[in-house]
Number of protein chains: 2
Amino acid sequence: MHCGEMGSRWGFNRTIGQMCGLLIITKNPMTANEIADALSISRGNVSMGIKELQSWQLIKVQHIPGDRKEYYAPAGDIWDMANRVFEERKKREIDPTLSLLRDNLLDEAVNEDELYAQKQMGEIHNLLETVTKWSSELQRLTPEQLNKLMKLGSGIGKVIDLKDKIFKKE
Amino acid sequence: MHCGEMGSRWGFNRTIGQMCGLLIITKNPMTANEIADALSISRGNVSMGIKELQSWQLIKVQHIPGDRKEYYAPAGDIWDMANRVFEERKKREIDPTLSLLRDNLLDEAVNEDELYAQKQMGEIHNLLETVTKWSSELQRLTPEQLNKLMKLGSGIGKVIDLKDKIFKKE
DNA sequence: ATTTACTTTCTGAAATTACTGAAAGTTACT
DNA sequence: AGTAACTTTCAGTAATTTCAGAAAGTAAAT
């Protein structure tokens with residue numbers, strides 16, 4: 001139920017949030033009908049939800065030999081899923097803005113107001129590019145590296161300073 | 001207009017997105033009426049929007065001596081604003097889930113299914129805690145440190161390995 | 001105390017989004 | 001080909017969200 005309430009904050013709707021939560025905490029894969037029953041929603045709704053969750057690559061279909069039904073289960077572990085949600089949201093929330101800003105920055109400003117507007121848009125563009133680049137590079141790290149990095153926490157500041165010293169000495 | 005379309009993805013609604021965008025690209029602070037005119041929306045709607053944007057701490061009121069009207073302007077630069085949006089969203093999207101999970105993990109599991117559900121919830125809890133901790137610690141870095149870190153990009157992997165070597169040698 | 005210049009709150013209408021249940025589609029077996 | 005066991009689509013309905021405009025509130029100036 002909580003996943004439902006949070007669903008819309010996370011980028012999908014109530015029912016889809018519930019479906020996702022249900023599949024995560026349920027050990028065995030479930031059929032569409034089981035999902036509909038468990039959540040008391042219509043069979044058609046489940047079908048839509050499945051399609052949506054597949055488009056986020058959060059669930060996968062499984063077949064059980066000798067059974068014609070389709071069984072659904074989470075695709076990957078919690079980290080994988082979080083990554084997918086993160087990526088998908090970047091695609092929806094950042095990328096379109098980034099490309100609009102790029103277009104706009106190509107236009108010549110014809111007066112002071114437009115100049116200011118462009119300056120501000122430039123700032124936003126910078127910010128979004130930095131964040132985008134950074135996040136894609138974090139994903140290139142091995143899980144162990146990532147883990148170390150996270151554990152490091154604000155100690156990262158010291159490591160950066162350290163690195164600076166070393167390179168200056170050389 | 002684009003800010004309007006994106007508004008709902010960013011956590012508020014169309015009008016509020018437009019208002020925020022308008023205030024960012026406009027050099028001088030604006031009155032509520034100017035905002036309403038510029039965007040062709042009702043005065044009442046602007047009032048609601050202002051309240052909402054203030055709750056996100058994205059805009060601030062300014063008074064011009066000898067003028068009774070309230071003028072509105074962005075609160076801080078682009079980085080500040082992005083930070084606020086980020087923080088606010090964490091508060092809405094992560095914190096409630098985190099506290100629910102904590103409560104749930106205190107309950108004793110009475111059968112195998114519940115045990116599995118708890119295991120999964122534990123995973124999510126870990127993930128969210130790590131992310132939360134990490135993000136709050138990033139914010140503790142000085143802007144220069146942060147900038148260096150971002151510029152480092154995937155080179156961060158090498159720095160982590162470097163740090164490991166140094167500490168092993170000691 | 002009244003007027004003036006503003007801001008906020010609230011109500012119901014309009015627009016959008018989500019959901020159901022039935023019909024249509026698909027697939028695999030006979 | 002026919003049928004059984006499923007899944008998907010879709011039209012209409014229900015629920016939610018957004019919004020304008022009117023009414024109420026506030027505070028300074030007269």
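Chain letters run A, B, ... following the sequence lines, proteins first and then strands; every chain starts at 1.
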Check: Looking at DNA chain C, which of residues 2-18 of chain A put a heavy atom within less than 4.0 Å of it?
Finding: N13(A), R14(A), T15(A)
Checklist line | DNA chain C-proximal residues of residues 21-56 of chain B, any heavy atom under 4.0 Å | finding: R43(B), G44(B), S47(B), M48(B), K51(B)
Next item on the list: Heavy atoms only: give me the nearest L58(B)-M81(B) pair and the separation to one decimal.
Entry: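 Where L58(B) meets M81(B) most closely, the heavy atoms are O-CE, 3.3 Å.
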Next item on the list: Find the bend of the helix from dA1(C)-dT30(D) to dT30(C)-dA1(D) as the angle between its two terminal axes (five pairs each), to the nearest 10°.
Entry: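 The value is 10°.
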Next item on the list: Sequence neighbours left out, what passes ring pair (Phe, Tyr, Trp, His ring centres under 6.0 Å) with Y72(B)? Give chain and number order.
Entry: none
Note to self: Please enumerate all residues that pass ring pair (Phe, Tyr, Trp, His ring centres under 6.0 Å) together with W134(B), with sequence neighbours excluded.
What the structure shows: none
Donor-acceptor contact below 3.5 Å, side chain [X] vs main chain [Y]:
X: R84(B); Y: A75(B); result: yes
X: S135(A); Y: T132(A); result: yes
X: Q120(B); Y: T26(A); result: no

Item checked: Heavy-atom side-chain proximity of V46(A) to L39(A) below 4.5 angstrom -> no
Next item on the list: Let me see the working for E88(B) and K91(B) under salt bridge (charged side-chain N to carboxylate O under 4.0 Å, His left out), right down to the final yes or no.
Entry: CA-CA 5 Å; E88(B) 189 65 26; K91(B) 213 187 297 169; 3.4 Å; yes
Checklist line | Summary of salt bridge (Lys or Arg N to Asp or Glu O under 4.0 Å) pairs that have at least one residue in residues 108-133 of chain A, sequence neighbours excluded | finding: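 Qualifying pairs: R102(A)-E129(A), E112(A)-K27(B).
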First locate atom [atom1] of [X], then atom [atom2] of [Y], and finally report the distance between them rounded to the nearest 0.5 Å.
X: I35(A); Y: L22(A); atom1: CD1; atom2: CG; result: 6.5 Å
X: E87(A); Y: S136(A); atom1: CD; atom2: OG; result: 8.0 Å
X: N104(B); Y: H125(B); atom1: CG; atom2: NE2; result: 11.0 Å
X: L128(B); Y: S99(B); atom1: CG; atom2: OG; result: 11.0 Å
X: W10(B); Y: C20(B); atom1: CH2; atom2: SG; result: 10.5 Å

Using residues 60-70 of chain A as the side-chain source, report each donor-acceptor pair under 3.5 Å to any protein atom, sequence neighbours left out, with the distance given to one decimal.
residue: H63(A); atom: NE2; partner: E70(A); partner atom: OE2; Å: 3.3
residue: D67(A); atom: OD1; partner: K69(A); partner atom: N; Å: 2.9
residue: D67(A); atom: OD2; partner: Y71(A); partner atom: OH; Å: 2.7

Item checked: Qualifying side chain to side chain donor-acceptor pair (under 3.5 Å) pairs with a residue from residues 40-53 of chain A, counting only residues at least two apart or across chains -> N33(A)-R43(A), E52(A)-W56(A)
Next item on the list: Would you jot down, in residue-number order, the residues of residues 65-75 of chain B having a non-hydrogen atom under 4.0 Å from DNA chain D?
Entry: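 The answer is R68(B).
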Check: Taking 5' to 3' order, which nucleotide of DNA chain C is first and which is last to have an atom within less than 4.0 Å of a heavy atom in chain A?
Finding: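 Taking any atom under 4.0 Å from a heavy atom of chain A, the span is dA18(C) to dA28(C).
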Next item on the list: At the 4.0 Å heavy-atom cut-off to chain B, mark where contacts on DNA chain D begin and end, going 5' to 3'.
Entry: dT18(D) to dA27(D)
Note to self: By the ring pair (Phe, Tyr, Trp, His ring centres under 6.0 Å) test, which pairs, at least two apart or in different chains, include something from residues 88-111 of chain A?
What the structure shows: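 Checked against ring pair (Phe, Tyr, Trp, His ring centres under 6.0 Å) - neighbours excluded - no pair reaches residues 88-111 of chain A.
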